[in-house]
There are 2 protein chains.
Amino acid sequence: MQATAEQRGKGRIRLANEADILHAAERVFARAGYAGATMADIAACAGIPKSNLHYYFGTKRDIYRAVLTHILALWLAPADSIREDNDPRTALAGYIDAKMALTASHPDASRVFACEVLHGAAEIGDILRTDLRLLVERKAAVIERWIAEGRMAPVDPRHLFFTIWAATQTYADFETQVCAVLDLPALESADISRAAAHVKTLLLRGCGLA
Amino acid sequence: MQATAEQRGKGRIRLANEADILHAAERVFARAGYAGATMADIAACAGIPKSNLHYYFGTKRDIYRAVLTHILALWLAPADSIREDNDPRTALAGYIDAKMALTASHPDASRVFACEVLHGAAEIGDILRTDLRLLVERKAAVIERWIAEGRMAPVDPRHLFFTIWAATQTYADFETQVCAVLDLPALESADISRAAAHVKTLLLRGCGLA
DNA sequence: GTCTATATCAGGATAGAC
DNA sequence: GTCTATCCTGATATAGAC
């Protein structure tokens with residue numbers, strides 16, 4: 001007797017099709033960017049007739065925004081491990097692990113996000129300036145207290161976030177470059193594990209948490 | 001009596017126009033990506049009639065490749081400071097400074113490169129697998145010797161490059177995000193200096209070079 | 001409520017003028 | 001050798017059929 005989405009006015013077919021379309025769109029946008037992606041590509045990838053995309057979502061931009069909304073929810077979650085009552089080493093290691101796991105499990109989401117920000121974040125700039133900024137401010141305050149208490153080396157906490165994001169997401173966003181240098185056809189989970197270990201070793205030691 | 005480009009068959013007008021087009025193209029590709037950039041945008045930005053782009057370069061793709069070629073030359077140069085006869089701290093600090101300076105002086109170049117790699121490096125994949133890979137192998141060997149001699153902490157040298165590239169280029173590629181978090185309208189040179197100091201502090205300490 | 005045929009438009013490329 | 005008018009493909013979006 002739960003209030004299912006269907007009861008709120010969305011049919012089973014619509015729900016399934018919307019999910020398929022969003023999933024396909026993430027793949028296509030990740031590979032070609034917003035402008036490079038075509039409705040035909042997305043439709044083919046989703047196994048749905050081209051013009052149905054407009055029926056379900058209206059415009060290409062609407063699909064793109066829906067994909068980004070989904071990604072942002074994923075992206076803001078992992079910072080939970082950075083809490084005052086955790087010790088700095090556990091907290092930061094947990095955060096890096098969570099970001100690496102996300103990067104490994106959702107590389108296309110990472111790429112869509114990266115491409116959006118790279119081109120000026122026209123769609124999500126507001127969210128970056130509000131939700132993301134607020135999140136970082138709160139977590140930076142925690143890190144600043146740890147530093148004041150002498151529990152880790154003095155590091156600019158906001159820039160620390162930039163470095164952690166960059167160092168982890170590079171394995172999704174620039175996978176091509178990583179594979180070229182390492183002479184690998186693609187990154188396997190063992191490679192990601194090695195990368196995570198490297199990032200933790202380097203950055204934790206950098207924070208005086210070795 | 002020097003062998004000028006003009007004497008090799010390129011007129012003054014052509015040289016000036018080609019330079020203007022490449023400069024404009026870098027801006028436009030950085031903002032919109034390959035697919036999102038239009039010949040009309042590039043022409044407007046260069047102050048040249050649209051169809052002249054085809055006269056000077058043939059196709060849009062030819063312009064893109066010319067831009068990428070120029071960027072790659074810039075990108076591979078800074079690794080020179082990593083030499084056996086330098087001490088590790090100076091060498092790595094110099095490399096990070098050089099990468100940050102490049103990022104600050106050529107943010108659009110960084111973005112075009114990032115976007116190309118993000119989407120699979122169809123145009124420059126070969127160069128990444130040859131020139132870049134070779135460069136990293138040579139420099140990684142130097143770093144491995146420093147580690148073997150106990151002159152720095154054990155760090156995977158290839159992954160160290162990934163982290164340095166990511167940590168520095170994020171200030172160009174994801175400037176929008178950095179500005180959103182720091183509540184700045186744009187990154188000034190003072191902000192870049194702070195960022196460079198942060199990256200050096202964090203990564204050098206991470207390499208046991210504090 | 002779901003799917004298809006069609007209109008409209010923008011953008012890259014070419015043929016030809018100066 | 002340099003520049004301009006024009007073509008034509010291909011992509012989004014809509015109107016209408018089932």
Side-chain angles (χ1 to χ4, degrees), chain A residues 4-68 112 115 119 122-123, chain B residues 4-68 112 115 119 122-123:
Chain A
T4 63
E6 187 170 352
Q7 286 172 325
R8 293 199 314 273
K10 292 200 175 188
R12 279 188 309 278
I13 296 173
R14 169 173 285 270
L15 280 173
N17 281 345
E18 283 184 0
D20 287 348
I21 289 168
L22 288 177
H23 193 244
E26 186 175 281
R27 274 182 71 90
V28 174
F29 284 131
R31 275 156 187 69
Y34 176 77
T38 70
M39 297 294 270
D41 292 342
I42 297 170
C45 188
I48 284 173
K50 180 170 90 120
S51 302
N52 280 30
L53 302 188
H54 288 105
Y55 169 62
Y56 286 112
F57 279 93
T59 71
K60 179 183 175 183
R61 187 171 162 174
D62 291 335
I63 299 178
Y64 184 61
R65 294 170 70 123
V67 170
L68 282 174
V112 174
C115 197
H119 295 148
E123 300 293 343
Chain B
T4 63
E6 189 171 351
Q7 287 173 323
R8 293 200 315 272
K10 291 199 176 189
R12 278 189 310 277
I13 296 173
R14 169 173 285 269
L15 280 173
N17 281 345
E18 284 183 358
D20 288 347
I21 290 168
L22 288 178
H23 192 244
E26 186 176 281
R27 275 181 69 91
V28 174
F29 284 132
R31 275 156 188 68
Y34 176 76
T38 70
M39 298 294 271
D41 291 342
I42 297 171
C45 188
I48 286 174
K50 180 169 90 118
S51 302
N52 280 31
L53 302 187
H54 287 106
Y55 169 61
Y56 286 111
F57 279 95
T59 71
K60 179 181 174 183
R61 187 171 162 174
D62 290 335
I63 299 179
Y64 184 61
R65 293 169 71 123
V67 170
L68 282 174
V112 174
C115 197
H119 294 148
E123 299 294 342

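Keep in mind that what you see is a predicted model, and the values were worked out from it rather than measured. Hydrogens, waters and symmetry mates are skipped; everything else that's a heavy atom, side chains included, is used. In the text below, chain A, chain B and the rest are named by the order of the sequence lines, each starting its count at 1.
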Heavy atoms, side chains only, cut-off 4.5 Å: are [X] and [Y] in contact?
X	Y	answer
Leu68(B)	Phe29(B)	no
Val112(B)	Tyr64(B)	yes
Phe57(A)	Glu18(A)	yes
Tyr56(B)	Ile13(B)	yes
Ile63(A)	Met39(A)	yes

[N] [atom2] sits how many Å from [X] [atom1], rounded?
X	N	atom1	atom2	answer
Tyr34(A)	dT12(D)	OH	P	8 Å
Tyr64(A)	dT12(D)	OH	P	15 Å
Leu15(A)	dT2(C)	CG	C1'	15 Å
Met39(B)	dT9(D)	CE	C1'	16 Å
Asp20(A)	dT2(C)	CG	P	14 Å
Asp41(B)	dA10(C)	CG	P	13 Å

Check your understanding: Within the pair Asn52(A) and dC3(C), is there a side-chain N or O less than 4.0 Å away from OP1 or OP2?
Key ->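 Asn52(A) to dC3(C) OP1/OP2: side-chain N or O found under 4.0 Å.
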
Have a look at [X] and say if it touches a base, only the backbone sugar-phosphate, or nothing, with a 4.0 Å heavy-atom cut-off.
X	answer
Ser51(B)	base
Ala43(B)	nothing
Ala35(A)	nothing

Exercise for review: List in numerical order all residues of residues 53-61 of chain B for which some heavy atom is under 4.0 Å away from an atom belonging to DNA chain C.
Suggested key: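 Residues of residues 53-61 of chain B under 4.0 Å from DNA chain C: His54(B), Thr59(B), Lys60(B).
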
Check your understanding: Under 3.5 Å, is there a donor-acceptor pair between the side chain of Lys60(A) and the main chain of Ala37(A)?
Key ->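 Checking the backbone N and O of Ala37(A) against the side chain of Lys60(A), a donor-acceptor pair under 3.5 Å is found.
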
Check your understanding: Lys50(B) or Ile13(B): which one's nearest nucleotide on DNA chain D is closer to the 5' end?
Key ->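 Its nucleotide being nearer the 5' end, the pick is Ile13(B).
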
Exercise for review: Would you verify whether the NZ or CZ of Arg61(A) falls within 45 degrees of the ring axis of Tyr34(A) while also being under 6.0 Å from that six-membered ring's centre?
Suggested key: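 The answer is no; the distance or angle limit is not met.
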
